[in-house]
Structure formats: structure tokens, C-alpha cells
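Below is one structure, written out as C-alpha cells; comments come after it.
For clarity, every value in this text was computed on a predicted model and none was experimentally measured. Sequential numbering from 1 along the given sequence is applied to the chain's residues.
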Amino acid sequence: MYIARFSYDVLPANRQQAMDFIRREVEATRAAGLKARLLVPLTRGQGGAGLQFEAELTSLDQLEGLRHRGAQASRAEGEDWMRAFSDILLSPPIVEILRVDEGSPS
């Protein structure tokens with residue numbers, strides 16, 4: 001299993017709007033059958049992201065659809081959503097791909 005984590009940096013004044021955008025993405029990702037969540041850091045290091053979106057992937061092939069789909073079913077609606085969200089971002093999102101180590105018994 002993999003975790004795709006998208007980290008977003010926004011101004012405090014835009015935080016609620018950003019959370020609304022990310023919640024839409026969480027709902028759309030869940031509707032597509034994947035586990036997803038919005039993470040709100042309580043503490044963060046200097047330069048750390050203010051908000052994060054995380055989705056569990058069973059295959060890395062799912063990442064491309066997740067990155068380009070947006071929260072809407074149609075491509076045009078997804079592009080409108082992504083454009084509106086990018087208008088409030090201070091920098092491009094940081095994308096981390098993590099592999100979950102299931103471990104094997106010793």
C-alpha cells in the first residue's frame with residue numbers, strides 16, 4: 001500500500017476556503033473507493049505546510065488519476081476547481097509518496 005500526501009501552504013485568511021476545497025477532494029476520492037483524509041497540523045516546522053490531503057493507494061498507477069482528476073467528475077469542472085484552489089496557494093503543492101511497510105514477523 002502507498003500513501004500519497006499533498007501539502008498546501010495558504011495564508012491564514014484563506015485557510016477555511018482551502019479546507020473546503022480539500023474536503024471536496026476527500027469526498028471525491030472516497031467516492032472513487034479510496035481512503036482519504038484532510039490533515040490539519042497542530043504544530044509545524046518553519047516552512048511546513050498548513051494543510052495536507054492524504055489518500056491511500058493500492059497501486060502507484062492510481063496516483064496519476066488522483067493528481068489530475070480534481071474534485072469533480074468532468075474534466076472541465078475538475079480544472080475549474082484546481083484553478084480556483086491554486087489561486088489561494090502560496091506555492092505549488094508538495095507531493096510525497098510513501099510506501100507503507102507492512103513488516104514481516106521476525
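- For the atom pair CD (E27) and CZ (R30), the distance works out to 8.0 Å, reported to the nearest 0.5 Å.
- Considering only residues two or more places apart in sequence or on other chains, D20 meets the salt bridge (charged side-chain N to carboxylate O under 4.0 Å, His left out) condition with R23.
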Applying side chain to side chain contact (heavy atoms under 4.5 Å, CB included) to L34 and L57, what does each step give before you reach the verdict? CA-CA 7 Å; L34 299 172; L57 309 173; 4.0 Å; yes
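- Contact of the L11 side chain with the I88 side chain is not registered, since no non-hydrogen atoms from C-beta on lie closer than 4.5 Å.
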Going through the distances and angles, do V40 and L51 end up as a side chain to side chain contact (heavy atoms under 4.5 Å, CB included)? CA-CA 5 Å; V40 181; L51 298 169; 4.0 Å; yes
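- Of all non-hydrogen atoms in P41 and G50, the two that sit nearest each other are CD-O, 3.1 Å.
- Identified under the salt bridge (Lys or Arg N to Asp or Glu O under 4.0 Å) test for residues 52-61, with sequence neighbours left out: R5-E54, R37-E54, R37-E56.
- By the ring-ring contact (aromatic ring centres under 6.0 Å, His included) test, F85 is found to be paired with Y8, F21, W81, residues two or more places apart in sequence or in another chain being considered.
- Distance check, rounded to the nearest 0.5 Å: CG of D87 to CG of N14 gives 10.0 Å.
- For the atom pair CD (E96) and CZ (F6), the distance works out to 10.5 Å, reported to the nearest 0.5 Å.
- Hydrophobic side-chain contacts under 4.5 Å tie L39 to no other Ile, Leu, Val, Met, Phe, Trp or Tyr residue.
- By the 4.5 Å heavy-atom criterion applied to side chains, Y2 and T58 are not counted as neighbours.
- Residues forming a side-chain contact (heavy atoms from CB on, under 4.5 Å) with I97 (at least two apart in sequence, or on another chain): A4, L60, L63, V95.
- By the side-chain contact (heavy atoms from CB on, under 4.5 Å) test, V100 is found to be paired with M1, I3, E102, residues two or more places apart in sequence or in another chain being considered.
- A pairwise comparison of heavy atoms in Q52 and S7 identifies NE2-OG, 3.3 Å as the closest pair.
- Side-chain atoms of Q62 come within 3.5 Å of backbone N or O of S59 as a donor-acceptor pair.
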